[in-house]
Amino acid sequence: MRFTGVLPEVPAVGDSSGADLATVTGYLNAEQGNPEGVSGTDTYWAGKGLGRAARIAEIADQLGQTSVRDAAVTAMKNRLTNWLTASSGETGQLFYYDRNWGTLIGYPASYGSDEDLNDHHFHYGYFIAAAATVAKFDPGWADDSRYGGMIDLLIRDANNYDRADSRFPYLRDFDIYAGHDWASGLAPFFAGNNQESSSEGMNFANALIQWGQATGDTAVRDAGVYLWTTQSAAISEYWFDVYDQNFPAAFGHKTVGMVWGDGGSYSTWFSAAPEMIQGINMLPITGGHLYLGDFPEYVKANYAELVTNKGGPPTVWQDIIWEFLALGDGEQALRNFRANSGFTSEEGESKAHTFHWIRNLAALGTVDTTVTANHPLAKVFVKNGVRTYVASNITARPLTVTFSNGVTLAVPAGKTATSGAYTWSGGNATGGGTVPTGTPTTSTPSPTPTTASPTPTSASPSPTGTGSALKPVRYLRSGGGLDGNAGTAGTVNVAAANGNHDGTPTNPQVFTATGLTGTYTGGATAFDLAVDAGTAIGNGVQIRVSYDLTGNGSVERVETYRYFATDPIPGAERYRQTQGLLSATGTLGNLSGGTVRVEVWNAIGGAPTILGVGNSSTVTLPYGS
């Protein structure tokens with residue numbers, strides 16, 4: 001199965017000018033005072049409010065409505081900070097770890113999330129997704145030493161991606177055999193376990209991708225990619241039967257509301273209305289739910305059944321149903337909205353998001369799954385045979401995304417951009433983590449550290465900006481990060497030289513850190529790399545360290561060290577700065593939002609070299625905070 005990409009939000013190619021911009025701006029302004037809408041006090045309904053505010057923040061950011069965006073981000077940050085902080089004597093709006101059950105329970109609980117351990121992925125997915133949006137604008141808030149550690153606990157509780165973490169079961173509610181989540185914690189039914197809202201399960205998977213991308217945690221990101229890719233295929237088969245091969249002929253439906261261990265049913269736990277039976281597997285509509293449009297003809301068939309069963313167009317949850325329809329027929333969905341914009345929004349929805357989603361899909365057309373990208377936040381749409389390429393860059397440095405058909409898209413820092421049928425860019429989310437593009441893996445994710453996640457030390461979510469303390473010791477991380485925190489020990493392969501590349505990086509492994517601010521101490525770069533060429537004779541591995549002091553793309557200092565000749569005995573050796581400088585250009589100075597880039601390659605030899613990453617190779621920068 002191939003991962004086909006997600007987005008923080010669909011791009012504003014259709015509502016960024018003219019009358020439609022005025023319409024969506026009016027809807028956004030109406031939300032500034034209460035972006036969470038009808039929020040609640042328990043984990044599910046508080047989550048729904050967070051999800052609503054996240055959509056408003058993403059759209060307002062695209063359209064330059066910074067006051068609305070900031071109001072939504074502040075609302076989410078305040079709500080999350082309250083939930084993720086437990087004060088002495090506090091009994092509500094908090095999470096409690098129960099060692100007997102190995103679970104994290106939010107109180108007030110709802111729908112059996114405490115006594116039966118139901119629905120944790122449904123509830124917590126909203127929290128994690130909102131935290132990912134906050135992290136794009138205030139990365140300090142999302143740091144592990146503040147609230148990032150608590151978000152990681154929410155992730156591990158519902159779907160622990162770390163086999164070695166004994167605090168929570170591995171992938172708790174995800175059934176690897178069935179390929180999807182189960183919602184009932186205890187499964188006390190003769191029919192086995194069950195799940196109705198497959199789309200809220202996908203909200204959790206997408207939240208992991210967005211959070212991992214925003215914070216630079218590739219293990220979480222890739223866990224989300226695995227869950228999202230696998231479950232989207234299962235939904236197509238078991239909830240939707242898009243190929244018309246699984247449902248019994250006598251069943252008479254194009255979809256089920258619930259999948260059980262022994263079958264499926266056209267029903268929900270809470271309503272017999274066709275809009276809710278079918279809509280519960282559509283909401284919440286986000287940029288992570290574009291899988292719903294993988295089969296546009298099925299979308300129209302699903303909608304047609306709803307109209308048949310209802311005996312007419314939907315009269316509740318019109319926004320959810322029309323947003324789903326837009327993935328198969330955007331122009332019809334837009335006509336529906338324009339003809340009846342006075343409907344009552346579903347509790348997790350807003351008129352701003354509904355209009356934005358439908359208007360832009362009417363312009364973009366349908367999802368094109370035949371073209372993928374080397375960046376997780378990218379998607380392709382097609383209308384009348386013409387493609388629009390979309391990618392979102394939530395970091396503070398430019399990004400070039402390459403699509404599988406060879407098309408490239410340059411995305412400025414903090415922007416979502418498009419090319420093809422539409423050329424557009426917007427947004428200013430330059431606080432995202434430093435995450436390499438790379439094609440995310442869909443294999444089972446590797447374990448990550450098992451030490452307890454730090455808990456917040458302050459209930460105040462004040463931004464840290466670039467003033468947070470720089471960590472001079474940086475760890476080479478799998479996927480290309482150069483992080484201040486160690487990861488689980490692992491390795492990457494450095495390609496064989498097959499020639500002499502002394503002093504010239506050739507097919508290097510690259511590790512990068514951005515947004516660094518620190519005072520130059522007057523010292524020198526140090527490094528300690530674990531390298532092993534196995535039994536190969538004549539290999540030599542080499543390192544170059546480059547400093548862009550202000551992060552503007554101009555490199556002020558480049559240091560290339562003499563290569564290290566590895567021995568032909570299996571086992572890691574230590575390559576250190578004591579090999580000496582081969583060359584150095586420029587001078588060091590203070591870092592102000594700067595970038596440090598490390599390149600490791602084989603200068604000589606006909607065999608690859610294994611380079612330790614995670615916690616086994618470090619570069620120490622001559623900087624203090």
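Not measured: the values here are computed from a predicted model.
- Remark: Tyr107 engages no residue in a ring-ring contact (aromatic ring centres under 6.0 Å, His included) (not counting sequence neighbours).
- Listed by first and then second residue, the salt bridge (charged side-chain N to carboxylate O under 4.0 Å, His left out) pairs involving residues 80-106 amount to none (not counting sequence neighbours).
- Listed by chain and number, the residues in a side chain to side chain contact (heavy atoms under 4.5 Å, CB included) with Val473 are Tyr475, Thr618, Thr620 (sequence neighbours excluded).
- Residues satisfying the ring-ring contact (aromatic ring centres under 6.0 Å, His included) test with Tyr547, not counting sequence neighbours, are none.
- In this structure, His501 has no ring-ring contact (aromatic ring centres under 6.0 Å, His included) partners at least two apart in sequence or on a different chain.
- Not counting sequence neighbours, the partners of Lys48 by the salt bridge (Lys or Arg N to Asp or Glu O under 4.0 Å) test are Glu346.
- When the salt bridge (Lys or Arg N to Asp or Glu O under 4.0 Å) test is applied to Glu200, no partner is found at least two apart in sequence or on another chain.
- Residues passing the side chain to side chain donor-acceptor pair (under 3.5 Å) test with Asn203, sequence neighbours excluded: none.
- Within the structure, every pair that satisfies the side-chain hydrogen bond (donor to acceptor under 3.5 Å, both in side chains) test and touches residues 552-562, not counting sequence neighbours, is listed here: Thr525-Glu559, Arg544-Thr560, Thr550-Asn552, Arg557-Glu559, Glu559-Tyr561.
- Legend: residues meeting ring-ring contact (aromatic ring centres under 6.0 Å, His included) with Tyr97, ordered by chain and number and at least two apart, are Phe168.
- Evaluation of the side chain to side chain contact (heavy atoms under 4.5 Å, CB included) rule for Thr595 yields Thr512, Thr514, Asp548 as partners, not counting sequence neighbours.
- Within the structure, every pair that satisfies the salt bridge (charged side-chain N to carboxylate O under 4.0 Å, His left out) test and touches residues 519-530, not counting sequence neighbours, is listed here: Asp528-Arg574, Asp528-Arg576.
- Side-chain atoms of Asn485 and Lys471 include a donor-acceptor pair closer than 3.5 Å.
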